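What follows is a single structure, written as structure tokens, with notes after it.
Treat the numbers as computed from the prediction; the structure is a model and nothing was measured.
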Amino acid sequence: MFNNGTRLADVDANYVAADLDRVITTADEISDRVIEMAAQIDSDYAGRDVLLVGVLNGAVMVMSDLSRAMQSHLTMDWMAVSSYGAGTKSSGVVRILKDLTTDVLDRHVLIVEDIVDTGLTLSYLVENLKGRGAASVEVAAMFRKPAALTTAVDVKYIGFDIPNDFVVGYGLDFNGRYRNLRDVAVLGKHMYS
């Protein structure tokens with residue numbers, strides 16, 4: 001319990017409802033989909049060791065839930081790759097802010113992302129890891145915005161396709177805020193316009 005008597009299960013979009021337009025994916029829907037994705041990944045990687053590469057900061061929630069739902073042996077590492085500035089649009093320039101500590105040579109790599117927006121960052125990251133000699137590179141993303149894609153990128157495991165709105169929650173943020181929401185919601189335009 002929190003100091004105000006709130007339980008973890010009660011922390012959701014209701015606490016910042018005035019900042020949000022609408023909830024598009026609930027915590028329960030996300031949880032169910034994570035379990036389904038984990039089972040598919042376990043099946044696809046049966047007999048192979050998989051290296052989960054989480055993309056910071058947004059993928060923290062997805063990576064945590066997905067790795068705990070998986071039954072396979074796995075290892076994890078993290079990268080911070082950005083094409084965003086402080087606003088709501090991609091800058092178009094991809095930068096590695098934190099690199100892996102694990103050598104990916106001959107490893108089966110599964111990139112874990114919170115969201116695929118334009119596809120620019122993810123496309124860069126896939127090619128980068130392939131160039132380092134990974135045996136395979138696949139992508140799991142909890143959310144994808146098909147209408148926002150400007151760069152072709154193959155996402156093998158997709159949690160949800162969502163509208164091309166600015167969303168927050170479950171690791172997705174606006175200027176570092178709202179990542180801790182359990183639901184995913186469209187951020188009200190009055191918060192950033």
* To do: Please list, chain by chain and in numerical order, all residues satisfying side-chain contact (heavy atoms from CB on, under 4.5 Å) with L97, sequence neighbours excluded.
  => A80, S82, R95
* Asked: How about R22 and D165: do any of their side-chain heavy atoms sit closer than 4.5 Å?
  -> yes
* Specify the closest pair of heavy atoms between M61 and R179, including all atoms of both residues, with the distance to one decimal. => CE-O, 3.5 Å
* Structure fact -> CG of L187 to CG of D173, rounded to nearest 0.5 Å, is 10.0 Å
* Asked: Do other residues, nucleotides or ligands put more than 12 heavy atoms under 6.0 Å from K98 NZ?
  -> yes
* **Where Y178 and M191 come nearest, the two heavy atoms and their spacing** => OH-CE, 3.2 Å
* **Taking every non-hydrogen atom, the tightest pair across S136 and H108** => OG-ND1, 2.8 Å
* Asked: Between D19 and F174, does a side chain to side chain contact (heavy atoms under 4.5 Å, CB included) hold up when you go through it step by step?
  -> CA-CA 11 Å; D19 298 354; F174 174 64; over 6 Å; no
* Test log, rule side chain to side chain contact (heavy atoms under 4.5 Å, CB included), inputs V53 and L100 -> CA-CA 8 Å; V53 173; L100 298 172; 3.7 Å; yes
* **With sequence neighbours excluded, residues passing side-chain contact (heavy atoms from CB on, under 4.5 Å) with V60** => L56, W78
* To do: Inspect the contact between R132 and D99 and indicate whether a charged nitrogen and a carboxylate oxygen are less than 4.0 angstrom apart.
  => yes
* Asked: Would you call D77 and V104 a side-chain contact if the rule is heavy atoms closer than 4.5 Å?
  -> no
* **Student check: side-chain heavy atoms of E113 and V62 closer than 4.5 Å** => no
* Backbone of S72 reached by a side-chain donor or acceptor of D42 within 3.5 Å -> yes
* To do: Using modelled atom types only, decide if a donor and an acceptor are shared between the side chain of S67 and the backbone of M63 within a distance under 3.5 Å.
  => yes
* Asked: Is there a side-chain contact between L51 and L74, using heavy atoms and a 4.5 Å cut-off?
  -> no
* Asked: Do F143 and V167 have side-chain heavy atoms sitting under 4.5 Å apart?
  -> no
* Asked: More than 12 non-hydrogen atoms from neighbouring residues, nucleotides or ligands closer than 6.0 Å to CZ on R177, yes or no?
  -> no
* For side chain to side chain contact (heavy atoms under 4.5 Å, CB included), just list the numbers for Q40 and K156, CA-CA rounded to whole Å, side-chain angles, deciding distance to a tenth of an Å, and then say yes or no. => CA-CA 10 Å; Q40 184 62 55; K156 187 166 185 176; over 6 Å; no
* Residue pair T75 / R107, side-chain donor-acceptor N/O under 3.5 Å -> yes
* **Y192 and F166 aromatic ring geometry - parallel, tilted or perpendicular at 30°/60° bounds** => tilted
* Counting distance only, does the side-chain N/O of D183 pair as donor-acceptor with the main-chain N or O of A27 below 3.5 Å? -> yes
* By side-chain contact (heavy atoms from CB on, under 4.5 Å), which residues pair with T150, not counting sequence neighbours? -> T118
* Which atom pair, heavy atoms only, marks the closest approach of I158 to M37? -> C-SD, 4.1 Å
* More than 12 heavy atoms of other groups within 6.0 Å of H73 NE2 -> no
* Asked: Which heavy atom of L120 sits nearest a heavy atom of V94, and at what distance?
  -> CG-CG2, 3.8 Å
* Can a donor-acceptor pair be found between the side chains of S31 and D65 at a distance below 3.5 Å? -> no
* Are any non-hydrogen side-chain atoms of Y124 and I96 less than 4.5 angstrom apart? -> yes
* **Point-to-point distance, once rounded to the nearest 0.5 Å, from CZ of F160 to CZ of R33** => 7.0 Å
* Asked: At what distance, to the nearest 0.5 angstrom, does CD1 of I30 lie from CG of D32?
  -> 10.0 Å
* To do: Please name the pair of heavy atoms, one in G171 and one in D114, separated by the smallest distance, quoted to 0.1 Å.
  => O-OD2, 4.0 Å
* Does the side chain of I111 come within less than 4.5 Å of L125's, by heavy atoms? -> yes
* Between M70 and V50, is a side chain to side chain contact (heavy atoms under 4.5 Å, CB included) present by the stated rule, with each step listed? -> CA-CA 11 Å; M70 290 175 63; V50 61; 4.2 Å; yes
* **Y157 side chain reached by L66 side chain, heavy atoms, under 4.5 Å** => no
